[in-house]
Amino acid sequence: MAEIPVLISRDEVKELLKYSDLVSHLEVTMAKFSKRNAEEVIQPLRTILPLERYNGFLGVMPAYMIQENILATKMVSFYQRDEGSDFPAHQATVLLLDPQRGNVTAVMDGTVITEKRTAAVSAISTKLLRPPHTEVLCILGSGSQALSHYEIFTQMFSFKEIRVWSRRKEKAKMFSSKVKGPVTVCSSVKNAAEGADVIITVTMAKEPVLRGQWVKPGAHVVAVGACRPDWRELDDDLMREAVVYVDSREAASSESGDVILSGAVVFAELGEVINGSRPAHPERTTVFKSLGMGIQDAVSAKLVFDQWKSQQ
C-alpha cells in the first residue's frame with residue numbers, strides 16, 4: 001500500500017522553518033553547487049511555462065542532493081497582477097520525495113519556503129559582500145519578499161536607519177506598520193537609495209527602477225526581482241560598474257534581464273565565494289543577482305519535514 005504524503009500547511013512551514021537553520025544549511029548547499037560535482041548535486045535549469053493569456057508563468061524546479069538523499073521539486077506560479085489585485089504575485093508548492101522509491105513523502109506550502117530561503121541567501125550575500133560599516137538599509141518594494149528580507153536582515157545585522165519605497169505609497173506605509181522597528185517611508189527611489197549601504201530590490205518591475213548614479217560607491221545591492229530575461233530592476237550603469245555575483249551562472253545567463261540586457265560580466269557565484277575559489281570584494285560596489293535555485297527549496301523542505309517529524 002502506498003504511503004499517504006504528509007500535508008504541511010503555510011502556518012506550519014512558517015513556524016518550523018528557522019532562519020538560523022536556513023543560513024548555515026544554504027551556505028553548505030551553495031558551496032557544493034558551485035563545485036559542479038554531479039555526484040553531489042543534480043539541478044537542471046527551471047522549466048518555465050508561459051501563461052500569456054493570464055499574464056503569468058509556471059515554473060518547475062527539481063533538485064537532487066545525492067549525499068544528503070534529498071529529492072524535491074517546487075512548482076511556482078508568478079503573475080503580473082492588475083493594480084489593486086488581492087491575489088499574491090507568487091504562489092508555490094513543494095513536493096518532497098523518497099529518492100529510493102520515488103513516492104511523495106510530503107506536500108508543503110512553498111510560498112513561505114520561497115520567501116524565507118530567498119531572504120536567507122540575500123543575507124548570506126550581504127554577510128560576505130557588504131561594506132565594513134553598514135548603517136543604512138534601503139528596501140525597494142513592499143510585498144512579502146520585502147517583509148521576509150526585513151525579518152532576517154534585522155536579525156543578522158544592525159542598521160541605524162531603514163528606508164522603504166513602493167510604487168504605491170500606501171503599500172509602503174502598510175509595510176512600515178507591519179514591521180517591529182522604525183521605518184522611513186520614502187517618496188522616490190532616489191531618496192531611498194542615496195547614501196544607503198545595503199539596497200534590496202524586491203519589485204515586480206520590468207524596467208530599471210534603481211540607477212547607478214543613486215548608489216554610493218562601496219554599497220551592496222541585492223537584486224531579487226526581475227526573474228525573466230526581458231525584465232530589469234537595475235540600470236546599465238550599475239550593472240556594468242559593480243562587481244556582479246549570482247547564485248547560478250547558468251540561470252543568470254538565461255533568466256536574468258539585469259545581466260543579459262546590460263551585457264554585464266558575472267564575476268562569481270556566491271558558492272564560489274563560500275568555497276574560497278573566488279574572492280569577495282566588500283571594498284567595491286557589489287551586486288548580488290538572486291534568481292533562486294531548486295536545491296535551496298529542496299534543503300529548506302527537508303528542514304521543514306525533519307522539524308515536523310521531531311514534533312510528532
Side-chain angles (χ1 to χ4, degrees), residues 1-10 12-49 57-78 90-121 124 227 246-251 254-255 269-271 274-275 290-312:
M1 180 181 294
E3 296 180 11
I4 299 174
V6 172
L7 300 178
I8 304 179
S9 70
R10 177 184 177 90
E12 289 175 305
V13 173
K14 186 175 289 189
E15 176 67 27
L16 296 170
L17 192 57
K18 307 296 184 185
Y19 282 122
S20 56
D21 295 331
L22 265 178
V23 168
S24 58
H25 282 80
L26 289 174
E27 285 179 332
V28 172
T29 299
M30 289 187 294
K32 286 188 174 183
F33 172 80
S34 290
K35 290 178 180 178
R36 296 302 191 278
N37 185 344
E39 295 182 358
E40 288 203 27
V41 177
I42 299 175
Q43 178 193 267
L45 281 173
R46 85 187 89 208
T47 298
I48 299 292
L49 177 69
F57 299 86
L58 174 67
V60 182
M61 303 169 63
Y64 181 28
M65 299 284 291
I66 297 170
Q67 302 302 321
E68 292 81 358
N69 214 32
I70 303 174
L71 176 63
T73 189
K74 183 173 79 175
M75 294 176 291
V76 56
S77 63
F78 51 102
H90 294 77
Q91 298 178 84
T93 301
V94 177
L95 307 180
L96 190 65
L97 298 94
D98 181 339
Q100 182 178 2
R101 295 183 295 173
N103 60 295
V104 177
T105 56
V107 179
M108 64 188 73
D109 176 87
T111 304
V112 172
I113 285 177
T114 303
E115 293 165 0
K116 285 197 168 188
R117 61 85 160 147
T118 303
V121 173
I124 292 168
C227 57
V246 297
D247 41 19
S248 163
R249 291 178 185 270
E250 292 88 348
S254 65
E255 298 179 351
E269 291 179 343
L270 213 54
I274 297 168
N275 285 334
S290 171
L291 286 163
M293 299 193 290
I295 55 169
Q296 297 167 356
D297 300 310
V299 169
S300 302
K302 185 63 162 53
L303 284 171
V304 171
F305 188 55
D306 288 347
Q307 285 293 319
W308 181 89
K309 286 194 297 183
S310 71
Q311 294 185 9
Q312 301 309 301

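Quantities reported herein were computed from a predicted structural model and do not represent experimental measurements.
Looking at Glu40, its side chain never comes within 3.5 Å of a backbone N or O of Asn37 through a donor-acceptor pair. Here the side chain of Gln43 pairs a donor or acceptor atom with the backbone of Ile295 at under 3.5 angstrom.
With a 4.5 Å cut-off on side-chain heavy atoms, Phe305 and Leu16 do not count as touching. When side chains are defined from C-beta on, Gln91 does not count as touching Val76, because their heavy atoms never get closer than 4.5 Å. Ser248 has its side chain within reach of Phe33: a pair of non-hydrogen atoms, C-beta onward, lies under 4.5 Å apart. With contacts defined as side-chain heavy-atom distances shorter than 4.5 Å, the pair Ile113/Leu17 qualifies. For the pair Val304 and Val13, the minimum side-chain heavy-atom distance is below 4.5 Å. Between Leu303 and Gln307 there is no side-chain heavy-atom pair separated by less than 4.5 Å. Between Thr105 and Asn103 there is a side-chain heavy-atom pair separated by less than 4.5 Å. Using a 4.5 Å heavy-atom threshold, the side chains of Leu291 and Arg46 count as touching.
Residues Asp21 and Lys18 are not paired through a salt bridge, judged by the lack of any N-O separation under 4.0 Å between the basic side chain and the carboxylate.
The two atoms that bring Pro5 and Ala106 nearest to each other are CB-N, 4.3 Å, heavy atoms only. Closest non-hydrogen pair, Asp109 versus Val112, comes out as OD2-N, 2.9 Å. Contact record, Ala31 with Ile274: CB-CG2, 3.8 Å, taken as the closest heavy-atom pair. Minimum interatomic distance between Ile124 and Val23 (heavy atoms only, all atoms of both residues): CD1-O, 3.7 Å. Closest non-hydrogen pair, Arg117 versus Ser300, comes out as CB-OG, 3.5 Å. The minimum heavy-atom distance linking Ala72 with Leu97 is given by the pair CA-CD1, 4.0 Å.
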### Task
Using the side chain to side chain contact (heavy atoms under 4.5 Å, CB included) rule, take Phe78 and Ile48 through it: C-alpha gap first, then chi angles, then the decisive distance, then the call.
CA-CA 10 Å; Phe78 51 102; Ile48 299 292; 4.2 Å; yes
### Query
Would Glu39 and Lys32 satisfy salt bridge (Lys or Arg N to Asp or Glu O under 4.0 Å), going step by step from the backbone distance to the final call?
CA-CA 10 Å; Glu39 295 182 358; Lys32 286 188 174 183; over 6 Å; no
### Message
For a side chain to side chain contact (heavy atoms under 4.5 Å, CB included) check, start with the C-alpha distance between Met293 and Met30, then their side-chain angles and the critical distance, and finish with the verdict.
### Response
CA-CA 9 Å; Met293 299 193 290; Met30 289 187 294; 4.0 Å; yes
### Trace of the side chain to side chain contact (heavy atoms under 4.5 Å, CB included) decision for Val107 with Leu95
CA-CA 5 Å; Val107 179; Leu95 307 180; 3.7 Å; yes
### Task
Go through Leu96 and Val104 one step at a time and tell me if the side chain to side chain contact (heavy atoms under 4.5 Å, CB included) criterion holds.
CA-CA 6 Å; Leu96 190 65; Val104 177; over 6 Å; no
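Between the CG atom of Asp297 and the CE atom of Met108 there is a distance of 10.5 Å, given to the nearest 0.5 Å. Expressed to the nearest 0.5 Å, how far NE2 of His25 lies from OG of Ser20 amounts to 10.0 Å. One finds the NZ atom of Lys116 at 12.5 Å from the OG1 atom of Thr118 (value rounded to the nearest 0.5 Å). Put simply, CE on Met61 and OG1 on Thr47 are 10.5 Å apart, with the number rounded to the nearest 0.5 Å. A distance of 11.5 Å separates CZ of Arg10 from OG1 of Thr93, quoted to the nearest 0.5 Å. For the atom pair Glu15 CD and Gln311 CD, the distance stands at 7.0 Å (nearest 0.5 Å).
With sequence neighbours left out, Arg36 forms a side-chain hydrogen bond (donor to acceptor under 3.5 Å, both in side chains) with Glu250, Glu269.
Side-chain atoms of Ser9 and Lys14 form no donor-acceptor pair, as typed in the model, at a separation below 3.5 Å.
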